[in-house]
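Here is the structure we will look at.
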2 protein chains.
Amino acid sequence: MKNQNPISVATLKRLPMYLFYLRELPKDSSVYISATAISAALSLNEVQVRKDLAAVGKGGKPKIGYLTEELISDIEECIGCNEFNNAALVGAGNLGKALLCCEDFEQCGLNITVVFDKDKDNIGTVVNNRHILSADKLEEICNRIKINIGIITVPSHEAQEVCDKLVSCGAVAIWNFAPVKLNVPEKVMVLNEYIGSSLPLLLNHIADNT
Amino acid sequence: MKNQNPISVATLKRLPMYLFYLRELPKDSSVYISATAISAALSLNEVQVRKDLAAVGKGGKPKIGYLTEELISDIEECIGCNEFNNAALVGAGNLGKALLCCEDFEQCGLNITVVFDKDKDNIGTVVNNRHILSADKLEEICNRIKINIGIITVPSHEAQEVCDKLVSCGAVAIWNFAPVKLNVPEKVMVLNEYIGSSLPLLLNHIADNT
């Protein structure tokens with residue numbers, strides 16, 4: 001998929017929420033769904049919902065809404081769910097295991113095909129149908145199967161080395177859960193997902209409300 | 001802490017990164033640190049670093065920089081690290097356990113004091129020094145100890161019920177890891193942290209670069 005009109009980051013980040021909601025609608029629902037219904041169900045602003053959905057598809061019909069199945073497939077195409085994305089996850093601690101158990105990811109087109117860890121007690125165990133492999137074999141295996149995404153859930157001080165290996169094996173996108181900045185070649189995208197980065201927002205709210 | 005000048009969300013989200021970097025500087029480092037050094041270490045734009053640090057403290061000295069210890073304490077105060085924040089975490093699956101193991105959170109002033117789960121195999125076990133308690137006791141215990149933050153790592157369909165209980169026990173901030181919108185009273189802040197929401201950004205990059 002090539003985007004003719006780039007979609008805003010904020011819209012892109014809301015797309016999985018629309019997708020999960022639409023996919024989970026009862027089978028006997030109407031074939032149409034309105035922006036009003038979607039915005040009410042997801043507690044989103046209706047104008048925003050209309051803008052988001054206009055960005056991904058052909059748009060709805062006045063007073064009727066969107067053809068649900070068409071909207072689902074437009075969002076799927078927009079996210080890239082229909083592409084084949086092969087990811088390697090490195091670091092099968094609790095966070096790594098939590099990601100392996102997210103069925104949503106696969107529904108969005110992310111297949112975590114291989115998992116590596118350096119902990120001997122972890123290697124050889126199975127999490128959600130994936131065998132955890134020895135980190136020593138990362139390059140050998142990732143070079144063999146074509147991966148394009150690397151997911152990093154190792155401690156900070158190991159993240160850059162793991163990242164370098166994943167990039168050398170063909171990863172063009174890195175999903176980095178370690179709280180460090182990674183250096184990568186220009187063509188590679190790093191998406192930093194340090195969970196603790198939102199904490200100050202919470203703590204600030206409390207400080208201002210107590 | 002009351003903010004005289006509200007700090008932008010983007011700046012707030014970068015503060016933990018500065019804090020961890022500054023705290024981990026070798027003990028024999030210079031007592032001063034420059035914005036140039038910080039921006040180089042964290043791969044951030046120097047102008048942005050200067051703006052962020054100006055927002056939290058008294059600022060640095062031209063050509064010398066910031067007193068490291070003073071800067072650390074300014075950031076800590078700004079985040080709210082010095083306040084006492086008592087959190088209850090509900091849902092001790094892999095993601096919940098991963099959060100329990102993040103030592104960073106405590107360093108930022110978030111104390112996950114109690115942990116609840118409804119899985120019998122989980123109840124009574126210990127994760128990073130916390131006993132996992134039965135979810136049946138959530139209200140009894142949270143009402144007794146004063147909690148102000150609720151962390152929700154249960155499946156989506158259970159999230160609203162858990163949220164209602166946490167709010168009724170005094171939580172004024174909810175950190176929600178379930179991919180659903182939660183309804184809360186006006187004074188309560190919900191910070192949604194659905195990890196998969198970033199996925200479309202990664203997949204889009206790949207679609208545009210292959």
Side-chain angles (χ1 to χ4, degrees), chain A residues 1-3 7 9 12-17 20 41-44 78-81 83 85 93-102 104-105 108-110 127 148-149 156 172-173 175 179-183 187 189 191 193-210, chain B residues 1-3 7 9 12-17 20 41-44 78-81 83 85 93-102 104-105 108-110 127 148-149 156 172-173 175 179-183 187 189 191 193-210:
Chain A
M1 181 194 64
K2 265 270 177 217
N3 285 329
I7 295 175
V9 168
L12 276 172
K13 291 182 94 170
R14 281 189 291 270
L15 294 184
M17 213 192 308
F20 299 150
L42 300 176
S43 307
L44 291 173
C78 190
I79 292 180
C81 296
E83 313 288 320
N85 294 300
N94 285 312
L95 180 58
K97 284 177 183 154
L99 299 180
L100 285 174
C101 294
C102 281
D104 297 347
F105 295 171
C108 277
L110 176 79
V127 178
N148 47 14
I149 298 178
S156 301
V172 291
W175 205 5
V180 281
K181 287 271 164 187
L182 298 173
N183 295 312
K187 61 161 190 171
M189 177 200 201
L191 189 66
E193 191 93 56
Y194 170 53
I195 294 172
S197 67
S198 301
L199 249 188
L201 308 184
L202 269 191
L203 303 185
N204 246 264
H205 172 80
I206 290 175
D208 288 348
N209 286 277
T210 48
Chain B
M1 179 195 64
K2 267 270 177 216
N3 284 330
I7 295 176
V9 168
L12 276 172
K13 292 183 92 167
R14 281 188 292 269
L15 294 184
M17 211 192 306
F20 300 150
L42 299 177
S43 308
L44 292 172
C78 190
I79 292 181
C81 295
E83 315 286 321
N85 295 300
N94 285 313
L95 181 57
K97 285 179 181 152
L99 298 181
L100 286 174
C101 294
C102 280
D104 297 348
F105 295 172
C108 278
L110 177 80
V127 178
N148 47 14
I149 298 177
S156 301
V172 291
W175 204 5
V180 281
K181 287 272 167 188
L182 298 173
N183 295 313
K187 60 162 191 170
M189 177 200 198
L191 190 66
E193 191 93 58
Y194 171 55
I195 294 174
S197 68
S198 301
L199 250 189
L201 308 185
L202 270 189
L203 302 185
N204 246 263
H205 172 81
I206 290 174
D208 288 348
N209 285 275
T210 45

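All chains are named by letter (A, B, ...) in the order of the sequence lines, taking the proteins before the strands, and each is independently numbered beginning at 1. Since the model is a prediction, treat every value here as computed from it, not as a measurement.
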(request) Return the minimal non-hydrogen interatomic distance between B:Lys181 and A:Leu42, and the atom names on each side. (result) CG-O, 2.6 Å

(request) Return the minimal non-hydrogen interatomic distance between A:Pro179 and B:Asp104, and the atom names on each side. (result) CG-OD2, 4.1 Å

(message) Please classify the contact of B:Leu99 with chain A as side chain, backbone, both or neither, using a heavy-atom distance under 4.5 Å.
(response) side chain

(request) With the side chain counted from C-beta on, respond yes when B:Leu95 and A:Leu95 share a heavy-atom pair under 4.5 Å apart, and no when they do not. (result) yes

(request) May I ask you to name which of B:Met189, B:Lys97, B:Lys187 has the most heavy-atom pairs under 4.5 Å with chain A? (result) B:Met189

(request) Could you look at A:Cys101 and say if it's the side chain, the backbone, both or neither that has a heavy atom under 4.5 Å from chain B? (result) side chain

(message) Can you tell me which portion of A:Met17 sits under 4.5 Å from chain B's heavy atoms? Options are side chain, backbone, both or neither.
(response) side chain

(message) A side-chain contact here means heavy atoms from C-beta on lying under 4.5 Å apart; do B:Ile195 and A:Cys102 qualify?
(response) no

(message) Contact between B:Ser198 and A:Lys13 at the side-chain level, heavy atoms closer than 4.5 Å - yes or no?
(response) yes

(request) For chain A, find which of B:Asn183, B:Val9, B:Val180 contributes the most heavy-atom pairs closer than 4.5 angstrom. (result) B:Val9

(message) As an exercise, state the distance from NE2 of B:His205 to CG of A:Leu12, rounded to the nearest 0.5 Å.
(response) 13.5 Å

(message) Can you tell me which portion of A:Leu44 sits under 4.5 Å from chain B's heavy atoms? Options are side chain, backbone, both or neither.
(response) side chain

(request) Could you look at A:Leu182 and say if it's the side chain, the backbone, both or neither that has a heavy atom under 4.5 Å from chain B? (result) neither

(request) State, yes or no, whether a side-chain contact exists between A:Pro200 and B:Pro16 at a heavy-atom distance under 4.5 Å. (result) yes

(message) What's the separation between atom CG in A:Asn204 and atom CD1 in B:Ile7, rounded to the nearest 0.5 Å?
(response) 6.5 Å

(request) Under 4.5 Å heavy-atom distance to chain B, tell me which part of A:Phe105 shows up: side chain, backbone, both or neither. (result) both

(message) My understanding is that only one of A:Ile206, A:Leu202, A:Leu199 makes a side chain to side chain contact (heavy atoms under 4.5 Å, CB included) with B:Leu110; could you say which?
(response) A:Leu199

